[in-house]
Amino acid sequence: MDGAGSLYHFLKTGKRSRPLEPRSGSGRERNAAKATLQGFEQIGEFTFRRRRRVPSPLSVPAHETLLFTGTTPGDLLFFDTESTGLSGGAGNTIFLLGIGRPEGEELVIEQYFLADFPGEKEFLSACLSLFSPNRLLVSYNGRTFDAPVLAARFALHRLSCPLPRHCDLLPPTRRLWKHTVGSCSLKNIERAVLGVKRENDVDGAEVPERYFRYLRSRDPRHLDEVVTHNEIDVLSLSRLLGVLERLRREPEHAQAPATAPADVSALAALVAPHDAERAFKLLEVGLASGDIRAGLSLGFRYKQCGRQAEAQRVFERLFEIRGDLTAGIEIAKYAEHRARDPERALSVVTALLDRRPRPEPPVRELLLYRKARLERKCIRF
DNA sequence: TTTCACGATGGGACCATAAC
DNA sequence: GTTATGGTCCCATCGTGAAA
């Protein structure tokens, strides 16, 4: 069999009999290469840290509680990682972890860098101090990606998982802007909503390859753009939360012309749990401006609250201005089952069947069934 | 009083989509 | 390329009201 430094030996004894060989160059050369990673200080054999202060883009006073997160800014940790791939399994290693902490008017951005795989435990241990349990992690798709990968790495090294509560900004962002922006990747949202355009940015898919190139060559220039990419991600999280907070506080001023407008229905859903009447007003304004989605949302909200008359007023308006199918069906249901007016219901259903474009077959069949029933009722009356 | 038809609601399955 | 999440759609079940 092979020698004492082999995988066989490691599996049999659980010990590594001699240290891993450097991939290239002497130890002195490797350290020289490490030292040139822009602005980073060495805090362990394989772990490096960079700390920078920038004006906080969050623009919420330190003592105020954010409506969106229920915490003060000082409790937030904006969080993003760069790793060697996408899979959540044992093969995916985090090599750069960026954390943003609001401190007064500033955002303190700390980045922890892992210079080589053997130092992962040391790297993770250095990151541990960041995650105090009373904090709130803020990420973009971090609930699905960053947090599970990080938790897996902690587990692999038998370190207790310290991750605190988590607020993922992707779901609310998607709800608010998917209809107006389309793809809700962070880069797209930066451009369309935050008004930020990245210069010379590295594509996320390119990040693993950049790290592997660095490991092979020990040339830290391969990682300069990755480090910047990570820092911008953290900054954008802070900016995005600021926008979401403003929407939550002043939804009426959400439709700023400089950025993509938020979907009014989603905005109303954001506000409704705390201020139902404000949500109704938002949707009324949306309907008045011709927003059909807002109108339907308004009608169903009124209906769900038992405010049938208001719901019918909204559905009638939608049916009148656009001959809307969903609104028409709601009018027909109300006329048949509540107002006891089968003739009105029949006239609406007939109009829906005649409208252009024709309803699709499954809906058309339901409408024909409803029409036949209403015709029987009309004869009886 | 029983039966039937309808609308409302909840749960499960499937799909799209972010992250590197 | 992987994975989990949220959203959407469909189906089953339940409650209600009308008709026999």
Side-chain angles (χ1 to χ4, degrees), chain A residues 78-98 114 137-153 166-179 181-190 201-214 222-223 225-227 229-230 232-234 236-237 240 263 265-266 269-270 293 296-297 299-301 303-306 308 311 326 329-340 342 345 349 360 362-363 365-367 369-374 376-377 379-381:
Chain A
F78 300 102
F79 156 74
D80 183 53
T81 65
E82 310 303 323
S83 68
T84 58
L86 272 181
S87 67
N92 189 13
T93 305
I94 291 170
F95 66 86
L96 183 63
L97 186 141
L114 168 65
L137 281 181
V138 180
S139 70
Y140 203 76
N141 201 30
R143 208 195 299 268
T144 299
F145 182 74
D146 304 75
V149 173
L150 194 56
R153 302 318 296 179
H166 197 151
C167 171
D168 191 333
L169 299 186
L170 171 62
T173 301
R174 224 183 229 159
R175 279 194 291 271
L176 284 164
W177 285 289
K178 74 175 171 186
H179 294 289
V181 173
S183 164
C184 289
S185 67
L186 186 56
K187 203 183 272 189
N188 246 9
I189 291 297
E190 280 172 1
D201 186 45
V202 59
D203 188 66
E206 226 184 285
V207 167
E209 176 54 27
R210 294 278 188 123
Y211 187 58
F212 293 131
R213 249 188 271 163
Y214 157 78
H222 292 305
L223 292 172
E225 284 165 354
V226 175
V227 170
H229 170 90
N230 178 259
I232 295 174
D233 277 358
V234 172
S236 290
L237 282 172
L240 181 57
D263 180 75
S265 310
L270 183 72
R293 284 173 45 77
L296 285 172
S297 180
F300 283 113
R301 268 184 192 278
K303 186 183 174 188
Q304 215 156 28
C305 296
Q308 286 290 346
T326 308
I329 291 172
E330 288 303 315
I331 294 166
K333 280 184 192 174
Y334 182 81
E336 181 184 357
H337 298 290
R338 292 194 174 250
R340 311 270 177 247
V349 170
E360 292 296 312
V363 179
E365 280 159 25
L366 286 172
L367 285 171
Y369 183 75
R370 190 182 291 274
K371 187 183 178 195
R373 185 177 72 238
L374 286 165
R376 286 196 300 275
K377 282 192 181 180
I379 291 165
R380 263 188 256 132
F381 278 87

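We name chains A, B, ... by the order of the sequence lines, and we start the count at 1 in each one.
Here A:R373 pairs with A:E336 in a salt bridge; the nearest charged N to carboxylate O distance falls below 4.0 Å.
Comparing atom distances between the A:R340 side chain and each of C:dT3, B:dG7, C:dG17 picks out C:dG17 as nearest. Across B:dC6, C:dT5, B:dG7, the shortest atom-to-atom separation from the side chain of A:R143 is found for C:dT5. The side chain of A:Q304 lies closest to B:dT9 when the candidates are C:dG7, B:dC6, B:dT9. Comparing B:dA19, B:dG7, C:dT5 by their closest approach to the side chain of A:S185 singles out B:dA19. If you check B:dA19, C:dT3, B:dC20 against the side chain of A:D233, the one that comes closest is B:dC20. Side chain of A:N141, nearest nucleotide from B:dA18, B:dC20, C:dG6: B:dA18. Here the nucleotide nearest the side chain of A:K303, chosen from B:dA19, B:dA8, B:dG7, is B:dA8.
In this pair, A:Y211 and A:F95 present their aromatic rings parallel. The plane angle is below 30°, not in the 30 to 60° band.
Straight-line distance from the CD1 atom of A:I189 to the P atom of B:dT17: 13 Å, rounded to whole Å. Atom CZ in A:F78 sits roughly 18 Å away from atom C1' in B:dA19 (whole-Å rounding). Per the geometry, CD belonging to A:E190 stands 14 Å off P belonging to B:dA18, to the nearest Å. Computed from coordinates, the A:L270 CG to C:dG6 P distance equals 16 Å when rounded to whole Å. When the P atom of C:dT5 is taken as reference, atom CG of A:L170 falls 12 Å away, rounded to whole Å. Atom CG in A:L374 sits about 13 Å away from atom C1' in B:dA5, given to the nearest Å. Following rounding to the nearest Å, A:H166 (NE2) and C:dA4 (P) show an atom-to-atom distance of 15 Å. The CZ atom of A:F300 sits 12 Å away from the C1' atom of B:dA8 (whole-angstrom rounding).
Among the protein residues, A:T84 comes within range of no part of the nucleic acid, since none of its heavy atoms lies under 4.0 Å from any strand. Within the nucleic acid shown, A:T81 comes within 4.0 Å of sugar-phosphate atoms alone, with no base atom in reach, counting heavy atoms only. Nucleic acid contact class of A:K187 (heavy atoms, under 4.0 Å, all strands): none. Residue A:Y369 is in sugar-phosphate contact alone, with no base atom involved, counting any heavy-atom pair closer than 4.0 Å across all strands shown. Among the heavy atoms of the strands, none lies under 4.0 Å from A:D203. At the heavy-atom level, A:R338 lies nowhere under 4.0 Å from the strands shown. Counting any heavy atom pair closer than 4.0 Å across all strands shown, A:I94 reaches no nucleic acid atom.
Across all their heavy atoms, A:P208 and A:G85 have their closest contact at CG-N, 3.9 Å. Between A:D146 and A:F79 the shortest heavy-atom distance is CB-CE2, 3.6 Å. Here the shortest heavy-atom pairing between A:D263 and A:R175 reads CB-O, 4.0 Å.
The main-chain N or O of A:V202 is found under 3.5 Å from a side-chain atom of A:H229 such that the two form a donor-acceptor pair. Under the 3.5 Å distance criterion, the side-chain polar atoms of A:R340 are matched with a main-chain donor or acceptor of A:H337.
Nearer to the 5' terminus of DNA chain B, by closest-nucleotide assignment, is the contact made by A:R174 (compared with the other of A:R174 and A:H229). Ranked by how close their nearest DNA chain C nucleotide is to the 5' end, A:P208 and A:P171 are led by A:P208. DNA chain C is contacted by both A:A205 and A:H337; A:A205 maps to the nucleotide lying nearer its 5′ end (nearest heavy atom per residue).
In this model, the phosphate group of B:dA18 is not approached by any side-chain N or O of A:K178 to a distance below 4.0 Å at OP1 or OP2. Residue A:S183 places at least one side-chain N or O closer than 4.0 Å to OP1 or OP2 of B:dA18. Contact between the side-chain N/O atoms of A:R373 and the OP1/OP2 oxygens of B:dA5 is not found at any separation under 4.0 Å. For the pair A:R370 and B:dG7, the criterion of a side-chain N or O lying under 4.0 Å from OP1 or OP2 is met.
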